[in-house]
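Read the numbers this way: they start at 1 and go in the same order the structure lists the ligands and their atoms.
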Amino acid sequence: MSTIWTPDLTAFSGPKYQRLVSAIEQGILQKVLTQGSKLPPQRRLADALGITIGTVTRAYALAEQRGYVEARVGDGTYVNASPVPEIGNVQLNMATCQQPLTDQISTLSDCLSQLAKDPTKLSQLLGYRASPLDQHQQVFNQWLNQRGIQQTPEQLIFTHGGQQAIFACLSAFLSTGDVLLHEQYSYPGVRICAKQLGVTSIGVPLTHEGVDLARFEALVQIHHPKLVYLTLNNQNPTCIQYSESQRQKLLELAEQYQFYIIEDDVNYCLPEEWHSPLWQLAKQLAIPRVIYISSLSKLFSGGLRQGFILVPEPLIAQVRLAIHSQCWMVSPLNIEIACQLIKKGQITADRDTIVRQRQRLCIAMGERLKLTQTWRGLNGWLQLPEDIKAHHLVTALAAKGILIRNGDDFNCHDNFIRLSLGGAENDTQFQHAIECIEATIHSLVQNAYSVV
Ligand SMILES: Cc1ncc(COP(=O)(O)O)c(C=O)c1O
């Protein structure tokens, strides 16, 4: 390479040599390092980055071990791009709620390498098991306790993602013709589950602090639901967070009308945004009417498919049976990887900083455009002015390679869009997306008259 490739190691976590390997991976994914190109000589890169040559040697060796590069004796180190998976969609995806891809690949790679060297552990993971491994339950148990979510190991049931957790709960307790109440605008996956089971799903109107309680109670009185599905911490798509009084009242209603609340806490919040779950309040108030669902999908990556349910004791057997009927058991290999990530403290790594910064940029854009907007975690929910239709904006941006979500996808027909922050590969690409969205909104306002 003529100009020396100098990655920004502060964008990654872990020891310096690992950061450099992550930077090589990202360089390959983003095609900054193309197949066959030569990495900088080790000494020059060490000087440029202000690190020791030993660190660079170690990073290059690890990158070679992973198949990303090839060292040619007396010549140098060359990029061997093919083994690193391509990011599936070349378009800039702000439609899918996902974490920015930073060092997830190298972290996962380390976990897999470690596992590959441990035949005793591997043999434990290969058998059929009626119950999860004790050590896996302990890791999750401790991790959740640290987050202030108390449970016994028996109450913790692993699933393949939050989606299976929802389906398992619905199939365990509802039959054809039963009613499920959920928020009026909701994650479409819950409606898919209800439909599959012949369950009638009814949306409850939302206020800015959660479901409209008067309408909710009226619907409960009419339909006598056994289950209610709610997303209290970061409502998808509206980003509403339920107030304290709303949470208390919901628990009182659950006790009064004897229904269970499925609390879906899959959606990521920044640490300062997150609220202790209803599960915990239910425990404190001794009203065991909450089933808690979460996953690592929005903390680390969706492809891991690692989710879990916390279940009040009397319901454990039914939920376990539901999982058993769907997949016999959740892959212990998956759970082992999740446990390693948790033990290494690598679940969210340093991505909070990126998410926070991207949120700030988006909020500033929304303010410049004078849009009504709410942001939480990875998502933003924005209402467009009347003269721009959400579907026009979605189509215009798709033509420019930027995917965003139309509020219609969540059954909201009031001209909203949902933007998700994780899809951009780097800050420059993200900045470009924001500028493009802003410019497109301006041009749509100006061209509104052209609809004939
Ligand atoms: C509210 C909500 N619940 C559950 C899920 C599914 O989670 P998972 O990917 O862990 O299956 C999603 C995914 O977007 C979601 O938004």
Identified side chain to side chain donor-acceptor pair (under 3.5 Å) counterpart of Ser109 within the set Gln65, Gln104, Gln114, Arg66: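 One option only clears the test, and that one is Arg66.
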Where is the tightest heavy-atom contact between [X] and [Y], given as atom of each residue plus distance?
X	Y	answer
Ala433	Leu92	CB-CD1, 3.7 Å
Asn80	Gln35	OD1-NE2, 4.1 Å
Ala59	Tyr17	CB-O, 3.4 Å

Heavy-atom neighbours of Arg289 CZ exceed 12 at 6.0 Å: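 It does: Arg289 CZ has more than 12 such atoms within range.
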For ligand 1, which of its N or O atoms have a protein N or O partner closer than 3.5 Å, and how long is each gap?
from     : atom 1 : to     : atom 2 : distance (Å)
ligand 1 : 3 (N)  : Asp264 : OD1    : 3.4
ligand 1 : 3 (N)  : Asp264 : OD2    : 2.6
ligand 1 : 9 (O)  : Ser297 : OG     : 3.1
ligand 1 : 9 (O)  : Arg305 : NH1    : 3.1
ligand 1 : 10 (O) : Gly162 : N      : 2.7
ligand 1 : 10 (O) : Ser295 : OG     : 2.8
ligand 1 : 10 (O) : Ser297 : OG     : 2.5
ligand 1 : 11 (O) : Gly162 : N      : 3.0
ligand 1 : 11 (O) : Gln163 : N      : 2.8
ligand 1 : 11 (O) : Arg305 : NH2    : 2.7
ligand 1 : 14 (O) : Lys298 : NZ     : 2.8
ligand 1 : 16 (O) : Asn236 : ND2    : 2.8
ligand 1 : 16 (O) : Asn267 : ND2    : 3.0

Run the side-chain donor-acceptor check on residues 196-204: report pairs under 3.5 Å with partners two or more places apart or on a different chain.
none

